[in-house]
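Chain letters run A, B, ... following the sequence lines, proteins first, then strands; residues in each count from 1.
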Number of protein chains: 2
Amino acid sequence: MAGENQELRSAGLKVTHPRVKILQLFENSNERHLSAEDTYKLLLEAGEEIGLATVYRVLTQFEAAGLIIRHNFDGASAVFELVRGDHHDHMVCAESGQVIEFHSAEIERLQKEIAEQHGFELVDHNLVLYVKPKK
Amino acid sequence: MAGENQELRSAGLKVTHPRVKILQLFENSNERHLSAEDTYKLLLEAGEEIGLATVYRVLTQFEAAGLIIRHNFDGASAVFELVRGDHHDHMVCAESGQVIEFHSAEIERLQKEIAEQHGFELVDHNLVLYVKPKK
DNA sequence: CTAATTGCAAAAGCTTTGCAGCGCA
DNA sequence: TGCGCTGCAAAGCTTTTGCAATTAG
């Protein structure tokens, strides 16, 4: 309830109607991965008249604040996801469009190892598996 | 020299001037990762008057034919890379912008394993490590 | 009250498409 | 010759931005 307000303040953002509603949407939606357009439409369905430009601005601010992360799965449009503390990667089904989250400590370890072997420090990574149903 | 012509024919594509030039560009350029815009500009510099729309169409056809692959590193614009038979992933240095290619059979194996554990078949994947120089 | 935020519409990238003319097979 | 290909310009999409009005603190 008021939890969102605190999260926004901690992020250094004023508690405005659009920001609260968008944060609530991410916290309550069944679909964890939403594009700006998805977000905009869901707000409209919920009777919230929030401009699409505002949705984009708020999502960008949330990303900068570390509240959500942006994914560019295919290149078409970005999708956003609430940060819940648990890091994970994604598997996208080419047929159903379904997005599955997974985590592999071993892959994470190997990534770090490979970066270091090349004289670098691993800052971030992006792993997406494109799959189809097993016959 | 005539190698490109054969590659194009095998791909079921007519041997036209734009297609030959674009394929040569990818085979001879020092930079292995080119966006449509990069390709267009390099062609202009080489004195080839090929339309940007044609560049996009040819790159899309080459991708469909399996001659090149498309990467969406950041979401801004896609970059293309000649398929040389060796599969590899990429490491991008945040400071220098440098792109390093690497391959890990172990990560590949784990990916396949994970997809299968979830009841899927791995079709493709995208792995990018974002790194910075080790201090 | 004041600076931050919003909404609208216009603009900005990147990419695709319609169509008339040109070129390879 | 015929169908595919090219070029240009226009249109499409996602995302960003300018600006006046509104709102949070």
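With sequence neighbours excluded, the residues forming a side chain to side chain contact (heavy atoms under 4.5 Å, CB included) with V123(B) are K132(A), listed by chain and number. Applying the salt bridge (charged side-chain N to carboxylate O under 4.0 Å, His left out) criterion to E108(A), with sequence neighbours excluded, gives no partner residue. Not counting sequence neighbours, N28(B) has no partner by the side chain to side chain donor-acceptor pair (under 3.5 Å) test. Shown here are the side chain to side chain donor-acceptor pair (under 3.5 Å) partners of E113(A), two or more places apart in sequence or in another chain: R109(A). Residues passing the side chain to side chain donor-acceptor pair (under 3.5 Å) test with R84(A): none are found, sequence neighbours excluded. Among residues two or more places apart in sequence or in another chain, the salt bridge (charged side-chain N to carboxylate O under 4.0 Å, His left out) test is passed with E101(A) by R32(A). Residues that satisfy the ring pair (Phe, Tyr, Trp, His ring centres under 6.0 Å) test with H125(A), not counting sequence neighbours, are H87(A). With sequence neighbours left out, the side chain to side chain donor-acceptor pair (under 3.5 Å) criterion links E37(B) to no other residue.
Between the CG atom of L13(A) and the C1' atom of dG25(D) there is a distance of 14 Å, rounded to whole Å. Between K21(B) atom NZ and dC24(C) atom C1' the separation is 16 Å, expressed in whole Å.
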Could you list the protein-to-nucleotides 22-24 of chain D atom pairs, N/O on both sides, closer than 3.5 Å?
from, atom 1, to, atom 2, distance (Å)
dA24(D), N3, K14(A), NZ, 3.4

Do any N or O atoms of the protein come closer than 3.5 Å to N or O atoms of nucleotides 8-12 of chain C, and which pairs are they?
none

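Judged as a ring pair (Phe, Tyr, Trp, His ring centres under 6.0 Å), the pairs with a partner in residues 9-56 of chain A (not counting sequence neighbours) are, in order, H33(A)-H90(A).
Of the side-chain N and O atoms in Y56(B), one or more sit less than 4.0 angstrom from OP1 or OP2 of dT15(C).
The bend of the helix from dC1(C)-dG25(D) to dA25(C)-dT1(D), defined by the angle between the axes of its first five and last five pairs, stands at 30° to the nearest 10°.
For E63(A) and R70(A), the salt-bridge test passes: some basic side-chain N is under 4.0 Å from an acidic carboxylate O.
Residue T60(A) has its side chain nearest to dT16(D) when only dT16(D), dT16(C), dT15(D) are considered.
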